[in-house]
Colleague: 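Got a structure for you, questions after.
Numbering of ligands and ligand atoms starts at 1, following listing order.
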Amino acid sequence: MNKSLPQVSCRLKKTILVKAYAKVNLFLAVLNKRKDNFHNLNTIFSRIDLADRITLKLIPDNEIKVICAHQSVPKDDSNLCFKAAKLLQQKCKCNCGVEIKIDKQIPVGAGLGGGSSDAAATLIGLNKLWKCNLSQKQLVNFAGKIGSDVAFFIYGLPFAQGLSRGEKVRKLPQLDKLRLCYILVVPKMHVSTPLIYRKFDEFLGLTKPGDNVKILNLALRKESNFDIKSFLFNSLEEVTTRIYPEVKLVKEKLADFGLKLILMSGSGPAVFGVVSSRKEAVALGKKLKKQKMPWQIFATRTI
Ligand code: ATP
C-alpha cells in the first residue's frame with residue numbers, strides 16, 4: 001500500500017451517475033511484440049459521444065455488485081468495472097461497497113473501448129463516492145493496471161496519443177480545436193482483441209506501419225490546418241478483414257456513398273467514416289438503414 005494514498009471511510013448513502021464515452025482510433029500502428037506478449041502501439045484516440053451510463057450506488061460492507069442487462073457483459077469479477085472497484089478498495093484500504101449498474105449503449109467487442117471506458121468511469125465515480133481523494137495521476141496509474149485503453153478515458157480528452165501498450169497517454173494540444181463528425185457502422189459480431197493480435201503475429205504482421213508513423217509525426221508537428229486524411233491508418237484492419245469479410249463490405253458500402261475517409265477502429269469490427277457534419281452523418285445513416293443490413297448505425301462526433 002502506497003503511503004501517499006488516502007484511507008477511506010464510508011458514511012453517506014449516495015448514488016453517482018457517470019457517462020462512459022466510446023472511442024475510435026484515427027491511427028493505430030502495431031510496432032512490435034514485447035517480451036510480456038503485449039504489443040507496442042502508437043495510436044491516436046478520438047473520444048465520441050456514444051456512451052454507456054454507469055450508476056454507482058453505495059451499499060453496505062465491502063460488497064461489489066455488477067448489474068447489466070446486456071447478455072455479453074460479464075457480471076462477475078471479470079467485469080472491468082468490478083476490477084476497477086476492487087483495485088480501489090485494495091489500494092485505498094476502503095471498506096465501502098458499491099452496486100455498479102451498467103446501461104450498455106456501446107456495442108460490445110467492437111473496437112470502441114466500451115469496457116475500458118466503463119472501468120475509467122467507475123474509477124472516477126468511486127473516487128468521489130468513496131471520497132478517496134486520489135489525484136488524476138494516481139487514477140491514471142490504476143487505470144494502466146486494468147487495461148491498455150483505460151488511462152485515455154481518465155483524462156476526459158477529445159483526442160490523445162497512446163504509446164507503449166496504449167496506456168501511456170500524451171495530450172495533443174495541436175488538436176484542441178479539431179471536432180470531427182462520424183458515421184459509425186458496427187456489424188453484429190463480437191471480435192476478440194487477443195485473437196486479432198494472435199492472428200496478426202501469425203501472419204507476420206500483415207500490415208507493417210512502415211512510413212505511416214513518420215507521416216503521423218509530420219502531421220502532428222503542424223499547429224494549424226491539421227489534416228487527418230494524411231494519416232488515417234490501422235495495422236489490424238487487414239487481419240480482421242481476413243477473418244470477418246463483412247468489415248470490407250461495410251467499407252465498400254460507405255465508399256459507395258462517396259465517403260473518402262473510412263477506417264476500422266481498434267481490432268474491429270466497428271468502421272467509421274469521417275463526414276463534414278452531424279446532419280450528413282444522420283442522412284447517411286438513414287440511407288444505410290434502408291438497406292436492411294444487420295448492422296448498428298450511429299451518427300456521432302468528437303466530445
Ligand atoms: P478491447 O479492444 O479493449 O478488447 P473492445 O471495445 O473491442 O475492447 P469491449 O466492449 O470493451 O471491447 O469488450 C471486450 C470484452 O470485455 C467483452 O467480451 C467482455 O467480455 C469484457 N468486458 C468486461 N467488462 C466489460 C464491460 N464493462 N463492458 C463490456 N465488456 C466488458
Colleague: Would you mind running through ligand 1 and noting each atom that sits below 4.0 Å from a heavy atom of Asp118?
Modeller: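 Close to Asp118: 26 (C), 27 (N), 28 (N).
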Colleague: Using a strict cut-off of 4.0 Å, indicate which atoms of ligand 1 neighbour a heavy atom of Lys104.
Modeller: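 Selected atoms, number and element: 28 (N), 29 (C).
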Colleague: Applying the side chain to side chain contact (heavy atoms under 4.5 Å, CB included) criterion to Trp295, which one of Met189, Lys188, Lys253 satisfies it?
Modeller: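 That would be Lys253; it is the only one of Met189, Lys188, Lys253 passing the side chain to side chain contact (heavy atoms under 4.5 Å, CB included) with Trp295.
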Colleague: For atom 11 (O) of ligand 1, what's the nearest protein heavy atom and its distance?
Modeller: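 That would be Gly115 N, 2.8 Å.
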Colleague: Got the closest protein heavy atom to atom 24 (N) of ligand 1, with its distance?
Modeller: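 Looking only at protein heavy atoms, the one closest to atom 24 (N) of ligand 1 is Leu80 N, 3.0 Å.
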Colleague: State plainly whether the residues Asp118 and Lys104 are in salt-bridge range, i.e. N to O under 4.0 Å.
Modeller: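 Salt bridge flag = yes for Lys104 with Asp118.
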Colleague: Does ligand 1 have an atom that lies less than 4.0 angstrom from a heavy atom of Gly266?
Modeller: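 Checking ligand 1 against Gly266, which is what was asked, there is no heavy-atom contact under 4.0 Å.
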Colleague: For atom 30 (N) of ligand 1, what is the closest protein heavy atom, and at what distance to 0.1 Å?
Modeller: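 Here the nearest protein heavy atom works out to Val108 CG1, 4.0 Å.
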Colleague: Any idea which atoms of ligand 1 are less than 4.0 Å away from a heavy-atom of Leu112?
Modeller: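 What qualifies from ligand 1 is 6 (O).
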Colleague: Walk me through it: do Thr300 and Arg278 pass the test side chain to side chain donor-acceptor pair (under 3.5 Å)?
Modeller: CA-CA 7 Å; Thr300 182; Arg278 194 168 184 103; 5.5 Å; no
Colleague: Got the closest protein heavy atom to atom 13 (O) of ligand 1, with its distance?
Modeller: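 Minimum-distance protein heavy atom for atom 13 (O) of ligand 1 reads Gly109 N, 3.6 Å.
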Colleague: Could you tell me whether Asp77 and Lys86 make a salt bridge, using a distance below 4.0 angstrom between a side-chain N and a carboxylate O?
Modeller: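 Salt bridge between Asp77 and Lys86, a charged N being under 4.0 Å from a carboxylate O: no.
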Colleague: May I ask you to check whether over 12 heavy atoms, not counting those of Arg170, lie within 6.0 Å of atom CZ?
Modeller: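 No.
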Colleague: Nearest protein heavy atom to atom 3 (O) of ligand 1, by residue and atom, and its distance?
Modeller: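 Its nearest protein heavy-atom neighbour is Ser116 OG, 4.0 Å.
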Colleague: So if I count the atoms of ligand 1 from 1 in the order they appear, which ones are less than 4.0 Å from some heavy atom of Gly111?
Modeller: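 Those of ligand 1 that fall under 4.0 Å from Gly111 are 5 (P), 6 (O), 7 (O).
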Colleague: On a heavy-atom basis, which atom in Ala281 and which in Ile183 lie closest, and how many Å separate them?
Modeller: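 So the minimum-distance heavy-atom pair works out to O-CD1, 3.9 Å.
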Colleague: Do the numbers put Arg47 on top of the ring of Phe159, so that NZ or CZ is under 6.0 Å from the six-membered ring centre and no more than 45° off the axis?
Modeller: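 Ring-cation test returns no.
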Colleague: Using a strict cut-off of 4.0 Å, indicate which atoms of ligand 1 neighbour a heavy atom of Ser78.
Modeller: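 Close to Ser78: 23 (C).
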Colleague: I'd like to check which ligand 1 atoms, numbered from 1 as shown, lie under 4.0 Å from a non-hydrogen atom of Gly114.
Modeller: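 In order of numbering, the contacting atoms are 6 (O), 11 (O).
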Colleague: May I ask you to list the atoms of ligand 1 that are less than 4.0 angstrom from any heavy atom of Thr193?
Modeller: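 Near Thr193, the atoms of ligand 1 are 1 (P), 2 (O), 4 (O), 7 (O).
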Colleague: State whether Glu167 and Lys145 are salt-bridged, where the test is any N-O pair (Lys NZ or Arg NE/NH1/NH2 against Asp/Glu carboxylate O) under 4.0 Å.
Modeller: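 Salt bridge flag = no for Lys145 with Glu167.
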Colleague: Heavy-atom distances under 4.0 Å decide this one: backbone, side chain, both or neither, for Ser148 against ligand 1?
Modeller: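 Neither part.
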Colleague: Does a side-chain N-to-carboxylate-O contact under 4.0 Å join Glu202 and Arg198?
Modeller: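 No.
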Colleague: For the pair Phe27 and Phe233, name the ring-plane relationship: parallel under 30°, tilted 30 to 60°, perpendicular over 60°.
Modeller: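 Tilted, since the angle between the ring planes falls between 30° and 60°.
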Colleague: Using non-hydrogen atoms of the residue, decide whether Pro74 is closer than 4.0 angstrom to ligand 1.
Modeller: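 In this structure, Pro74 qualifies as a contact of ligand 1 - some heavy atom is under 4.0 Å.
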Colleague: Taking Lys19 first and then Asp103, would you say they form a salt bridge - that is, a charged N and a carboxylate O separated by under 4.0 Å?
Modeller: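 Looking at Asp103 together with Lys19, the answer is no, because their closest N to O distance does not fall below 4.0 Å.
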Colleague: For ligand 1, which atoms sit closer than 4.0 Å to a heavy atom of His190?
Modeller: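 Counting atoms of ligand 1 from 1, those under 4.0 Å from His190 are 17 (C), 18 (O).
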Colleague: Protein heavy-atom contact under 4.0 Å for atom 7 (O) of ligand 1?
Modeller: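 True for atom 7 (O) of ligand 1.
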